[in-house]
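First the structure, in the form of structure tokens, and then the observations on it.
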Amino acid sequence: MTVTELARTCGVSRGTILHYESLGLLTRPRRTGANYRVYDQADVDRLRRICIYRNAGLKLDDIRTVVDQSPGNAAGVLQRRLVEIDAEIATLRAHQQQILRLLAGKNSFRRNRSVTKEKWTEIMRNTGFSDDDMRRWHVEFERAAPVDHQQFLEYLHIPADEIKSIRKWSSQS
């Protein structure tokens, strides 16, 4: 089977297979006289196992550990990843709750003009938001409620030209 056939069989890209080979997740296949890669059923089975664990959210290093051991030894790695995912979900839920509290009080924002862009950014960073998280937040706010997004940015005392710029990249993402 060629690399393209293996990719189609397992529902991944050719590049993914080559990447997994470069990492040693997949062994380098034998080559034909014309230097084409040739895969066998063992390669298909291993790639399918890799895909199952990748779709379950395992990191590539963990996948290497699991696929290089007997299937019964995967439980420890899977349990550890489950704990990590639970922690990630808890963090995201805390972010979600904080945003909902802030949005629920948006009318009080109009009365109390003490929050600035800098203060808002500090609050978001202190709750765990990265620059990418804040960008996604703006994109979603612009998509879901563009008028409210505009009013919120004005509330933060952001200059009109900067608001225009923020809204422009928010709507293009």
Side-chain angles (χ1 to χ4, degrees), residues 1-103 120-146 149 165-173:
M1 168 178 307
T2 67
V3 67
T4 302
E5 291 168 335
L6 177 62
R8 282 189 193 129
T9 299
C10 294
V12 298
S13 71
R14 181 181 181 279
T16 296
I17 292 171
L18 300 178
H19 179 65
Y20 289 171
E21 282 180 19
S22 74
L23 297 174
L25 279 170
L26 288 174
T27 58
R28 300 233 183 245
R30 67 181 176 81
R31 300 274 187 151
T32 66
N35 205 28
Y36 289 107
R37 290 173 166 83
V38 178
Y39 299 90
D40 60 21
Q41 188 59 45
D43 297 314
V44 173
D45 295 342
R46 184 173 175 95
L47 182 55
R48 283 187 173 146
R49 285 184 65 208
I50 290 168
C51 291
I52 288 169
Y53 290 120
R54 190 70 178 144
N55 289 337
L58 266 66
K59 298 172 185 164
L60 293 177
D61 286 338
D62 289 337
I63 292 171
R64 179 190 327 279
T65 300
V66 171
V67 297
D68 287 344
Q69 298 176 357
S70 66
N73 293 334
V77 172
L78 292 170
Q79 288 172 342
R80 181 175 42 81
R81 183 61 183 138
L82 190 58
V83 168
E84 291 171 358
I85 290 170
D86 284 342
E88 291 168 15
I89 289 170
T91 299
L92 290 172
R93 286 195 195 286
H95 292 172
Q96 182 183 46
Q97 292 303 312
Q98 182 66 23
I99 289 169
L100 288 171
R101 281 191 294 276
L102 291 167
L103 290 173
W120 175 254
T121 302
E122 178 186 352
I123 290 168
M124 298 300 276
R125 289 198 194 292
N126 288 341
T127 59
F129 272 61
S130 68
D131 287 342
D132 287 340
D133 294 328
M134 285 190 260
R135 183 178 182 89
R136 283 190 297 274
W137 182 86
H138 277 288
V139 168
E140 181 56 25
F141 201 166
E142 182 67 26
R143 186 197 64 73
H149 189 215
S165 174
I166 291 169
R167 293 192 67 209
K168 182 177 180 180
W169 62 251
S170 294
S171 64
Q172 293 176 346
S173 296

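Heavy atoms only, all atoms of each residue included: Val66 and Arg49 are closest at O-NH2, 3.4 Å. Closest approach of Thr27 to Glu21, counting heavy atoms only: O-CG, 4.1 Å.
Proximity of Met1 to Asp43: side-chain heavy atoms (C-beta onward) are nowhere separated by under 4.5 Å. Ile63 places none of its side-chain heavy atoms less than 4.5 Å from the side chain of Tyr20. Two residues are said to be in side-chain contact when any heavy atoms from C-beta on lie closer than 4.5 Å; Asp133 and Trp137 fail this criterion. Within the 4.5 Å cutoff, the side chain of Tyr53 has heavy atoms near those of the Leu78 side chain. Ile89 is listed as a side-chain neighbour of Ile85, based on a closest heavy-atom distance under 4.5 Å. Residues Leu23 and Arg64 form a side-chain contact, since some pair of their non-hydrogen atoms from C-beta on lies under 4.5 Å apart. Between Gln172 and Val139 the shortest side-chain heavy-atom distance does not fall below 4.5 Å. Within the 4.5 Å cutoff, the side chain of Ser13 has no heavy atoms near those of the His19 side chain.
With Arg46 contributing its side chain and Leu25 its backbone, the two residues share a donor-acceptor pair below 3.5 Å.
A distance of 12.0 Å separates OH in Tyr39 from OG1 in Thr9, rounded to the nearest 0.5 Å. The OG1 atom of Thr16 sits 8.5 Å away from the CG atom of Leu47 when rounded to the nearest 0.5 Å. With values rounded to the nearest 0.5 angstrom, Glu142 atom CD is found 9.5 Å from Trp169 atom CH2. The CZ atom of Arg48 lies 9.0 Å from the CD1 atom of Ile52; values are rounded to the nearest 0.5 Å. Taken from OG in Ser170 to CZ in Arg135, the straight-line distance is 7.0 Å, to the nearest 0.5 Å. Note: Thr65 OG1 to Lys59 NZ = 12.0 Å, rounded to the nearest 0.5 Å.
Using a 4.0 Å cut-off between a side-chain N of Lys or Arg and a carboxylate O of Asp or Glu, Arg125 and Asp131 qualify as a salt bridge. With respect to Arg81 and Glu84, a salt bridge is recorded, a charged nitrogen being found less than 4.0 Å from a carboxylate O.
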Run the numbers on Glu5 and Arg8 for salt bridge (Lys or Arg N to Asp or Glu O under 4.0 Å), then give the verdict. CA-CA 5 Å; Glu5 291 168 335; Arg8 282 189 193 129; over 6 Å; no
Between Arg30 and Asp40, does the side chain to side chain contact (heavy atoms under 4.5 Å, CB included) criterion hold? Intermediate values first, please. CA-CA 9 Å; Arg30 67 181 176 81; Asp40 60 21; over 6 Å; no
Report the C-alpha separation of Val83 and Gln79 in whole Å, then their side-chain angles, then the decisive distance to 0.1 Å, and conclude whether the side chain to side chain contact (heavy atoms under 4.5 Å, CB included) test is met. CA-CA 6 Å; Val83 168; Gln79 288 172 342; 5.8 Å; no
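Side-chain contact annotation: Gln96 with Arg93, donor-acceptor N/O pair under 3.5 Å absent.
For the side chain to side chain contact (heavy atoms under 4.5 Å, CB included) with Val12, the lone residue among Leu6, Ile50, Ile17 that qualifies is Ile17.
Aromatic ring orientation, His138 versus His149: tilted (interplanar angle from 30° to 60°).
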